[in-house]
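Just so we're on the same page: letters track the sequence lines, and every chain starts at 1.
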Number of protein chains: 2
Amino acid sequence: MPALERRSLLQELTLRGVRITDQRRILLETIQESDRHLDAATLLALARRRDRQINRATVYRTIELLKKLRLIEELDLVNVNGGKHYLEAKTTVDRLRLACFKCGRIEDFTSPLLERWKAEISRLRGFQIQIVRLEVGGWCSKCSGGKDRNGSSDEAL
Amino acid sequence: MPALERRSLLQELTLRGVRITDQRRILLETIQESDRHLDAATLLALARRRDRQINRATVYRTIELLKKLRLIEELDLVNVNGGKHYLEAKTTVDRLRLACFKCGRIEDFTSPLLERWKAEISRLRGFQIQIVRLEVGGWCSKCSGGKDRNGSSDEAL
DNA sequence: TTAAATGCAAATCGTTTGCATCTGT
DNA sequence: ACAGATGCAAACGATTTGCATTTAA
């Protein structure tokens with residue numbers, strides 16, 4: 001496990017000799033300070049609060065850069081909100097996302113099972129895992145009330 | 001576990017009182033006979049071999065219908081091939097997809113851990129699981145050769 | 001008969017690209 | 001100085017929509 005957990009995105013980029021521009025600095029900070037589940041359009045909007053000039057293309061190019069360096073993760077969130085992808089700074093431990101089809105809330109879930117699973121996959125398949133994306137869709141505890149049964153609705157999703 | 005595994009998509013729709021059109025019949029068969037990992041454009045192309053008239057809009061509307069009824073699953077495959085989503089008829093057992101960033105191949109992986117995990121999530125979070133989407137990106141055994149180490153490339157993804 | 005499904009074409013949404021200009025190192 | 005980053009606007013690919021017409025039940 002590489003030790004890139006405590007450094008900021010900015011530090012990571014600097015360390016890797018990547019050129020730091022004002023725009024990148026702002027985007028990195030915005031991602032890091034965000035409350036997670038940021039899509040590209042929101043990132044652009046937030047970044048523009050700090051620098052009105054920042055361009056959409058720069059946002060996408062920075063996202064691509066950070067993906068390549070594996071400093072951020074990209075989520076699809078079982079397509080709850082259409083085609084867009086969501087970003088977040090990579091953390092030490094992999095997490096599973098629970099997306100509620102009714103209220104749209106995203107919960108995180110971590111489990112020691114996950115590490116065992118990754119090991120099992122690597123061992124059995126010889127697969128070098130770079131990205132793990134685990135997404136569950138359904139009804140959260142609030143929205144399922146306490147009695148609703150599974151799989152009977154034509155409404156959800 | 002509901003017993004909707006052995007019926008065809010057509011039977012499922014009929015059973016639920018959904019109107020069956022020629023186009024739907026063709027689309028359902030195409031999905032079912034396909035070798036998996038079908039995107040909307042491919043589905044349209046394949047369906048058109050049977051009926052040159054089938055329209056793109058109908059394809060998307062049918063996909064949406066089947067998603068709502070939870071008869072198909074939609075995958076993003078860690079975005080390996082850009083924005084499109086992939087479809088497949090739902091099967092009894094949930095599977096994890098291993099997408100190779102180098103050769104693009106998709107492998108399936110099943111594990112008894114998965115069922116335990118789902119149970120754990122339901123129990124601990126009170127979450128009613130409708131969809132499980134598990135995607136792993138990395139290098140398959142062929143592409144990782146046998147010695148390539150993890151996380152050192154700026155190339156992949 | 002009629003609510004629902006289709007075809008068509010245009011619109012929309014997220015993302016990418018070519019190119020001239022600017023900037024970090 | 002110059003490779004690399006940016007802004008802009010246009011292009012792109014996937015998906016959605018409005019509306020007039022057709023069709024399954």
Pairing string of DNA chain C (Watson-Crick or G-U wobble, both atom distances under 3.5 Å; | = paired to other strand) is |||||||||||||||||||||||||
The correct set of residues in residues 38-60 of chain A placing a heavy atom under 4.0 Å from DNA chain C is Ala40(A), Arg56(A), Ala57(A), Tyr60(A)
With sequence neighbours left out, the residues meeting salt bridge (charged side-chain N to carboxylate O under 4.0 Å, His left out) with Arg97(B) are Glu88(B), Asp108(B)
Applying salt bridge (charged side-chain N to carboxylate O under 4.0 Å, His left out) to Asp94(B) and not counting sequence neighbours gives Lys118(B)
Residue set satisfying side chain to side chain donor-acceptor pair (under 3.5 Å) with Arg48(A), at least two apart, ordered chain then number -> none
Nearest heavy-atom approach of His37(B) to Tyr86(B) is O-CD2, 3.3 Å
Shortest non-hydrogen pair, Trp139(B) vs Cys100(B), comes out as CA-SG, 4.0 Å
Asp76(A) CG to dC13(C) P, in whole Å, measures 18 Å
Contacts of Ser34(A) meeting side-chain contact (heavy atoms from CB on, under 4.5 Å) (sequence neighbours excluded), chain-then-number -> Leu38(A)
Whole-Å distance, Leu75(A) CG to dG14(C) C1', equals 16 Å
Note: chain B reaches DNA chain D at heavy-atom distances under 4.0 Å over the stretch, first to last nt, 5' to 3', of dA14(D) to dA25(D)
Is it true that Glu12(B) and Arg24(B) have a side-chain N and a carboxylate O under 4.0 angstrom from each other?
-> no
For Asn55(B), the side chain to side chain donor-acceptor pair (under 3.5 Å) test, sequence neighbours excluded, returns none
Item to check | Polar side-chain atom of Glu135(A) near backbone of Val78(A) as donor-acceptor pair, under 3.5 Å | outcome: yes
Residue set satisfying salt bridge (charged side-chain N to carboxylate O under 4.0 Å, His left out) with Glu74(A), at least two apart, ordered chain then number -> Lys67(A)
By salt bridge (charged side-chain N to carboxylate O under 4.0 Å, His left out), Arg125(A) pairs with (sequence neighbours left out) Glu107(B)
Residues pairing under salt bridge (charged side-chain N to carboxylate O under 4.0 Å, His left out) where one sits in residues 53-65 of chain A, two or more places apart or in two chains, turn out to be Glu64(A)-Lys68(A)
Sorted by number, residues from residues 17-27 of chain A placing a heavy atom under 4.0 Å from DNA chain C are Arg19(A), Ile20(A)
